[in-house]
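Worksheet for the structure shown next.
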Amino acid sequence: MRNIRNLLYLMNFKISHIFREGNVCADWLANKGSHLVGYEEIDISNLDLSFRGMLLVDKVSLPYIRHG
């Protein structure tokens, strides 16, 4: 950890926390990836409907409100 912090300090790098609601697309991808057993290619033509909606909301810079 000390080495990482030293390297980040030299790079003038900042780390900040963003709640999952602040980046639902990244959260969805991380969650999907954590459940994969093998390799899966995600293509625009085979996107999950809920993820496609999240992308559209993100694209127009609207806040995402989680349901359920």
query = Could you go step by step and tell me if Arg20 and Asn31 meet the side-chain contact (heavy atoms from CB on, under 4.5 Å) rule?
reply = CA-CA 11 Å; Arg20 64 181 73 170; Asn31 189 40; over 6 Å; no
message = If I take atom CG from residue Leu62 and atom CG from residue Leu56, how far apart are they, to the nearest 0.5 angstrom?
response = 10.5 Å
key: Pairwise distance CD1(Ile18) to CG(Asp27) - rounded to 0.5 angstrom   = 12.0 Å
key: Cluster check Ile44, Met54: I/L/V/M/F/W/Y, side chain < 4.5 angstrom   = yes
Residues 2-11, side-chain donor-acceptor partners within the protein, below 3.5 Å, at least two apart:
residue: Asn6; atom: ND2; partner: Arg2; partner atom: O; Å: 3.4

inquiry  = Looking at every non-hydrogen atom in both residues, tell me the closest pair between Ser45 and Arg52 and how far apart they are.
reply    = O-NH2, 4.2 Å
message = With rounding to the nearest 0.5 angstrom, report the CH2 to CD1 distance, Trp28 to Ile42.
response = 5.0 Å
ask   = When hydrophobic residues are tied together by side-chain contacts of less than 4.5 Å, even through go-betweens, does Leu29 share a cluster with Phe19?
value = no
request  = Kindly work out whether a path of hydrophobic side-chain contacts (I/L/V/M/F/W/Y, heavy atoms less than 4.5 Å apart) joins Val60 to Leu47.
outcome  = yes
